[in-house]
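So the structure is just underneath, and the comments pick up after that.
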Amino acid sequence: MNKNETAELNRRDFIGSFATLMTMLGGVELMTHAPVQAADLETLVPFQIKCGVIGLGNWGREIIATLSRLKTAQLVAVCDTYSASLKRAANSAPNAKGVEDYRKILDDKEVQAVIIATPTHQHRDIAVSALHAGKHVYCEAPLANTLEDAKVIALAARAARKQVFQAGLQTRSDPQRRFLLDFIRAGASGKAVKAHAQWHKKQSWRMTSPNPDRERELNWRLNKATSLGLVGEIGIHQIDAMSWFLSARPASVTGFGSVMHWKDGRDVPDTVEAIFEYPGGAHLNYECTLANSFDADYEMLYGSDAAIMMRGNKAWMFKEVDSPLLGWEVYARKDQFYKETGIALIANATKLANLTEKATEEAAYTTKPLYFALETFLTNVNTVSSAVEDFSATFDASDKAALEKYVSEIKLLPAATYQEGFEATVLAIKANEAVVARNKVALPKEWFELA
Amino acid sequence: MTARLRAANANPEKYLMNPPRFLYVATLALLPLLPFSLRAAQDWVRYNAVPNSSKVRVDGTSTIHDWSVESTALGGYVEFDPAFDLNKPALGKVNAHCDVRIFVRQLKSGKTDMDNVMYDSMKEKDHRRIDYRLTEMTLKEAPKSPDAPFLFDTKGELVVAGVTNKIQMPVSLFRIGADKLKFTGSTSVKMTSFGITPPTKLAVFSTGDDVKLTFEWLTAKKEQK
C-alpha cells in the first residue's frame with residue numbers, strides 16, 4: 001500500500017475492514033440491519049417502457065447497450081436497413097424483434113417509444129411519422145441537417161402534446177451538469193467573460209465497408225450534402241452546453257475549417273474552429289480536430305473569480321487569488337493540473353465515497369450522460385403516458401383541452417425539449433455554414449423561433 | 001336441472017331467440033313504470049368533477065422530514081335529491097350520492113424515486129385507484145353569509161390498496177357562481193389500517209403511520225341534454 005492509498009482510506013473502508021477482522025477473529029458484527037419493509041430503490045422496477053431503436057450504427061449499439069442496463073427499459077424492436085447491422089444488434093438484444101423497415105415498428109401497437117439514431121439527414125421522416133403514430137420520441141442531435149427539416153420535426157413534436165419528445169442533447173439531463181449550472185448561476189465563478197470547448201481525437205471518421213454503395217451510405221459524415229461536419233455532429237453537444245451555462249444564445253458565429261490530415265478525397269474539414277459571440281461580449285471558442293488527440297475533450301468557463309473545467313462527468317474550479325472565500329473549498333478534494341490546483345466540484349459531495357474518487361478514474365457506465373438522458377426519457381414517458389391514461393379514465397375523455405392542460409402542468413424531469421433541440425440544431429447548421437465558407441454568419445433571433 | 005335449462009344448454013341460440021313467455025309478461029307489466037323511473041333519475045341534481053380545478057394533498061411524517069404528495073386529478077360526481085334545495089336548506093340528513101376517485105399514480109411528491117416507493121407500498125399495480133363513497137351526509141349548519149360554506153358531517157367508505165375503511169369527516173361546501181360547488185375537508189387515517197406498511201429504508205428513514213388527507217374538490221352541474 002503506497003502513501004496515496006493510505007491517505008485515501010476513508011471511515012467507511014475502515015469500519016468495513018474492522019468488522020471483517022472482528023468476524024474473522026470470532027467476533028460478531030454488532031451492526032444490525034432493519035428489516036426491509038418497503039421496496040428497495042435498487043431492486044424496485046416501478047415500470048417498464050417498451051422501446052424500439054431505429055438506426056443501429058455505432059451510436060445505435062451504444063444506445064442498445066445503455067438500454068440493457070436500464071431496468072425501466074424493455075427493448076422490443078430494433079431496426080436498420082442494413083441486414084449486417086441488424087444481425088449484429090440482434091446479438092446484444094436477443095429479445096427484440098429485428099426489422100428493416102421502421103414503419104413496422106411504428107405500426108406495432110406494443111411499442112410505446114422509439115429512439116432514433118439514424119444518420120442526421122434521415123431523422124425527419126422517421127421522427128415525424130413516429131410522432132404521428134403516437135409514439136414517444138427520443139431523436140438524436142442534431143435533429144436534422146437542414147433548417148426546414150429541423151423545423152418540421154420540432155413543430156410535429158410541439159403538436160404532439162400527449163407525447164414526450166426529447167432531443168439527444170444528453171448533458172441537459174446529466175445531474176452533474178445540472179449541479180454545475182446551479183453553482184455557476186449562483187455566481188460562484190463571478191461574471192462569465194469567455195468560454196472554450198474542444199474535442200480532439202485522432203481518428204479518420206471513415207468507416208470501412210464491403211462495397212462502394214454501403215461505403216457511401218456508411219460515411220455520410222464525410223459527405224458535405226449530408227453532414228454538418230465536426231462542429232455540427234460533434235460540437236452541437238458542447239456548444240449547446242456552453243450556451244446553456246452562459247444563459248444566452250450567440251448573436252453570430254465565425255468559422256474556419258480545413259482538411260489538414262486526412263487527405264483522402266474528403267471535402268468535410270478534419271480540423272475546425274468556430275467562435276461564437278454572445279450578447280454582452282463573451283465569446284465561446286470551439287475547436288475540433290481529427291488530426292491530434294492531445295487533451296481530448298472538455299469545456300472551460302472563465303469567470304472573473306474562477307475558471308471552471310468540465311470533463312465528462314467531472315468538473316473542477318480554479319480560483320483567482322482575489323476571489324472571495326466560499327468556505328467549503330477548504331475541505332474539498334483538490335487535484336493538481338501542472339501548476340494549477342483544481343477544486344473538485346462534485347454533485348452530492350456529502351457522500352464520502354465521491355470525495356475519494358480518483359481524478360482520472362473512468363466514469364462508471366451508469367454515470368455516462370447517455371444513461372441519464374435515456375433514464376430521464378423513459379421516466380418522462382411513463383409519467384406522461386400514465387397521466388393521459390388516468391386522466392381519460394377520470395374525466396370526460398373527449399375534453400381534449402382539459403387533458404392537454406393537465407399534461408402540460410405535469411412536472412417532468414429536466415431534459416432537452418423540442419425547442420432546445422431545434423435551437424441547438426440551428427446553431428449547428430449555421431456554425432457549419434460558417435466553417436465551410438470561412439466567414440461570419442449572423443444569428444438573428446428569428447432563426448431560433450418556430451412558426 | 002330443469003327441462004328448459006337443459007334445452008338452453010343444448011341449443012343456446014334458439015333459447016336466446018325464443019325467450020320464455022314470462023319475460024314478455026314482465027316487460028309489459030313494467031312498462032307503465034318506466035316514465036316514473038326515468039323522471040326520478042333525472043330529478044337528482046348531478047354535479048361532475050371539473051378537471052384541473054381540484055387538489056388533494058396527503059401529508060405525512062418521517063424520521064428525516066415531513067413529506068407530502070399532491071394531485072389535481074380528483075374525479076367523480078355528487079348528486080342531490082331534488083328535495084334538498086341549496087337556497088332553502090333544511091338542517092339534518094341530506095339524500096345524496098357521491099363517488100370520488102383518484103388514480104394512485106397521479107399522486108406526486110416531486111421526487112420520482114420516492115413516488116415509486118410510495119406506489120409500491122400502496123400496491124398500485126393491483127389497486128390502481130383510491131375510491132371514496134359517501135354513505136351519509138348531514139347538514140349541520142347553513143351559510144350565514146353569501147360567502148360562507150354549508151357545513152356537513154359525512155360518513156363514507158374509503159378504499160385504499162384494496163382495503164375498505166369507514167371514515168367520518170366534516171365537509172364544507174361552497175357555492176361558486178350559479179352552477180358550481182366546491183367541497184373542502186380533511187381527515188386523518190393510518191396507513192396500517194389499509195394494510196400499508198409505512199415505507200422504511202434500511203435505518204436511513206422510516207415514515208410515520210398517520211397521514212392527513214386534505215382536499216378541495218370542484219364540481220359543476222351536469223348540463224341537461
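Per chain, numbering begins at 1; letters A, B, ... match sequence-line order.
Here the CG atom belonging to A:L413 is positioned 13.0 Å from the NZ atom belonging to B:K111, to the nearest 0.5 angstrom. Atom-to-atom distance recorded for A:F47:CZ and B:N116:CG is 6.5 Å, nearest 0.5 angstrom. Here the CZ atom belonging to A:F391 is positioned 4.5 Å from the CG atom belonging to B:N52, to the nearest 0.5 angstrom. A distance of 9.0 Å separates OG1 of B:T112 from CG of A:L412, quoted to the nearest 0.5 Å. Interatomic distance, CD of A:E389 versus CD of B:Q106, reported as 9.5 Å (0.5 Å rounding). Atoms CZ and OG, from B:F103 and A:S392 in turn, are 9.5 Å apart once rounded to the nearest 0.5 Å.
For B:K125, the NZ atom is densely surrounded, since the number of other residues' heavy atoms within 6.0 Å is greater than 12. Counting heavy atoms of neighbouring residues, nucleotides and ligands inside a 6.0 Å radius, atom NZ of B:K180 does not exceed 12 of them.
Looking at A:Y406, both its backbone and its side chain come within 4.5 Å of chain B, counting heavy atoms on both sides. Neither the backbone nor the side chain of B:I102 comes within contact range of chain A; no heavy atoms are under 4.5 Å apart. Only the side chain of A:T379 comes within contact range of chain B, judged by heavy atoms closer than 4.5 Å.
Remark: the backbone N or O of A:T383 is not paired with any side-chain donor or acceptor of B:R105 at under 3.5 angstrom.
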Notebook entry, point to check: Which is it for A:D390 and B:R129 under the salt bridge (charged side-chain N to carboxylate O under 4.0 Å, His left out) test, yes or no, and what are the steps along the way?
Noted result: CA-CA 9 Å; A:D390 293 349; B:R129 269 174 27 195; over 6 Å; no
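For the pair A:K405/B:P51, no side-chain contact is recorded, criterion being any heavy-atom separation below 4.5 Å from C-beta on.
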